[in-house]
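So you know, we letter chains A, B, ... as the sequences are listed, proteins then strands, and number each from 1.
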Protein chains: 2
Amino acid sequence: MNQEEELQKQSYDVNKYRTPDGAPADIVMFTITKRERKMMTKMLPIYELKVMLIRRRKWPCAGLWALPGGFAGENESMHGAARRELKEETGVDGGHLEYLGVYSKPGRDPRGWIISHAFFALVAESVLEKRRAADDAEAVGLFTIHEALNELELAFDHRDIIEDAYRRIQLQMLQTTIAKQFLPEHFTLGELYQVIKTVVPDFEEPNFIRKITSTRSRKGILEEVRDENGKKLSSNQYSQRPAQLYRFTDIVPKLSIYT
Amino acid sequence: MNQEEELQKQSYDVNKYRTPDGAPADIVMFTITKRERKMMTKMLPIYELKVMLIRRRKWPCAGLWALPGGFAGENESMHGAARRELKEETGVDGGHLEYLGVYSKPGRDPRGWIISHAFFALVAESVLEKRRAADDAEAVGLFTIHEALNELELAFDHRDIIEDAYRRIQLQMLQTTIAKQFLPEHFTLGELYQVIKTVVPDFEEPNFIRKITSTRSRKGILEEVRDENGKKLSSNQYSQRPAQLYRFTDIVPKLSIYT
DNA sequence: CTAATAGTGTCTGTGAGACAATATGGT
DNA sequence: ACCATATTGTCTCACAGACACTATTAG
């Protein structure tokens, strides 16, 4: 650094300006719960998209439900803070964690100028159940997206965040292969279809199997699971007739409105 | 607020924690320049995707090229700050301005703990030229994306930001109708094709006109321009044979890998 | 046999892809 | 006539969409 630079540096005062009072990472944790239907005969379970919320104990917004999260420290990135929080809350390290956006509307947090960073995570149902058992069950809730948005009083602007996250996960569900986060390694097309419909209720594709098993454009994102002898594997967990098992390949589909 | 809440509030000290030293909004301003080729006969112009950069005068990173931007204030959202900066820099109020992401890697800014918010904007070439004329031309540069990424020394982590913005605009170009930001109200399919190819060089569609003018799935995003008598309008600005003019409709295309 | 899910047959229409052929109008 | 660009003709094959039909197996 030359002399002039050194001079400029010394004349810079970081405290000259009003600075933010904190930058938390808040995480919308989604899971899909499966509820077996009690029936004589095998049936597909009922799937529901759920969100984990925490009941706040302290000011501000004490008593309201809020997204899990916490303030980032000086020596971590926002993404790092989110990963840390996710691990603290669920014990999960890894899994799908994705940045959603920044929430910075003035006055959104009575503590001051708090710029919040929202993420969303997709975790297995079992993980959240564990978390719920470990902690005070009173303070941890798993709600359907509908309950969270329409029936709960939420802290800060967390309703906006959850709405945005819901829109985003619906987009992703149709445009990427995140469905795999909600499915076992091997799954039937019936399961895949149910998972998609759970996240995107409007999704209707009467000929789903037909399309998924043909189609040049989609070709490659799914492949049949075979055993070591090359024989196709199937499952009859949810149906009398065994269904072919599939897995996602590593192919990343590219979509375009002009192609 | 009841008594207990009041108590908790008073015991909360915002200064108890280390807080960020600032939250700037940085904007990647894209434009597409058109260069007419000097030829006897009419030809399509050469299109280039460019980025506006500013040469920093002060510490830190004095002398390096940086994205235009500035710190957000306490009474504005990050998006508001970006809109304000965009207006200050270009005079443009409106246009396409979109959030890109947060850049918060520790040590990214020698001034301290600075959490930067990147946006990208698409503006008309004429606007940036005006800006360049108004200001000290030395300090404002318009570079091709290739120059910016490979030949320039950039401040902070702005290279990462520009790379991310480039990836994002390429995605958007194929999956949304942002191409309209780079086109006049009415345009020919040749122009549209060139704009797409400028942003996404890999895009190859030999039968472009064919597909765009048929196709069930894309149907609706474009429509022919007609005069008040319903006669189709055409332009021969870039070709001898006049070409049909089109405009984007308001239809938002929905893409899915499963449909 | 029945119930519930998995998967195929069949038929029609239309788009994709390739490429050749033709249209337009300034120079 | 020539050129660069715009647009249509033509042909084949694959897929979309609809819907009825068959397959599988526990109970």
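Summarising the geometry, the separation between CD1 on Ile212(B) and P on dT7(D) is reported as 13 Å, rounded to the nearest angstrom. Rounding to whole angstrom units, CD of residue Glu204(A) and P of dG17(D) are separated by 13 Å. Following rounding to the nearest Å, Arg241(A) (CZ) and dT8(C) (P) show an atom-to-atom distance of 7 Å. Taking atom NZ on Lys232(A) and atom C1' on dA23(D), their separation rounds to 15 Å, with Å as the unit. Atom pair Glu205(A):CD and dG17(D):P shows a separation of 6 Å (rounding to whole Å applied). For Ile257(B) and dA16(D), the CD1 to P distance is 14 Å, given to the nearest whole Å. Put simply, OH on Tyr193(B) is 11 Å from P on dA6(D), counting in whole angstrom units. Atom CZ of Phe208(B) and atom C1' of dT5(D) are 15 Å apart (whole Å).
Comparing Pro242(A) and Leu189(B) against DNA chain D, the residue whose closest nucleotide sits nearer the 5' end is Leu189(B). Along DNA chain D, the nucleotide closest to Leu44(B) and the one closest to Arg210(B) are compared, and the more 5′ of them pairs with Leu44(B). Heavy-atom nearest nucleotides on DNA chain C were determined for Asn236(B) and for Leu245(A), and the one closer to the 5' end corresponds to Leu245(A).
Close to dA16(D), at under 4.0 Å from its OP1 or OP2, lies a side-chain N or O of Ser214(A). Side-chain N/O atoms of Lys211(B) include one lying less than 4.0 angstrom from OP1 or OP2 on dG17(C).
Partner of Phe143(B) under the side-chain contact (heavy atoms from CB on, under 4.5 Å) criterion, chosen from Val51(B), Leu53(B), Leu49(B): Leu53(B).
A donor-acceptor contact under 3.5 Å is formed by the side chain of Asn207(B) with the base of dA18(C).
Considering only residues two or more places apart in sequence or on other chains, Tyr238(B) meets the ring pair (Phe, Tyr, Trp, His ring centres under 6.0 Å) condition with none of them. Every ring pair (Phe, Tyr, Trp, His ring centres under 6.0 Å) that Phe208(B) has, sequence neighbours left out, goes to Tyr193(B).
Proximity of the aromatic rings of Phe187(A) and Phe248(A) is defined here by a centroid distance below 6.0 angstrom, and this criterion is met.
Distances were taken from every side-chain heavy atom of Gln240(A) (C-beta onward) to each of dT5(D), dT5(C), dA4(C); the shortest belongs to dA4(C).
Defined by atom type and a distance below 3.5 Å, a donor-acceptor pair is missing between the side-chain atoms of Glu191(A) and Gln237(A).
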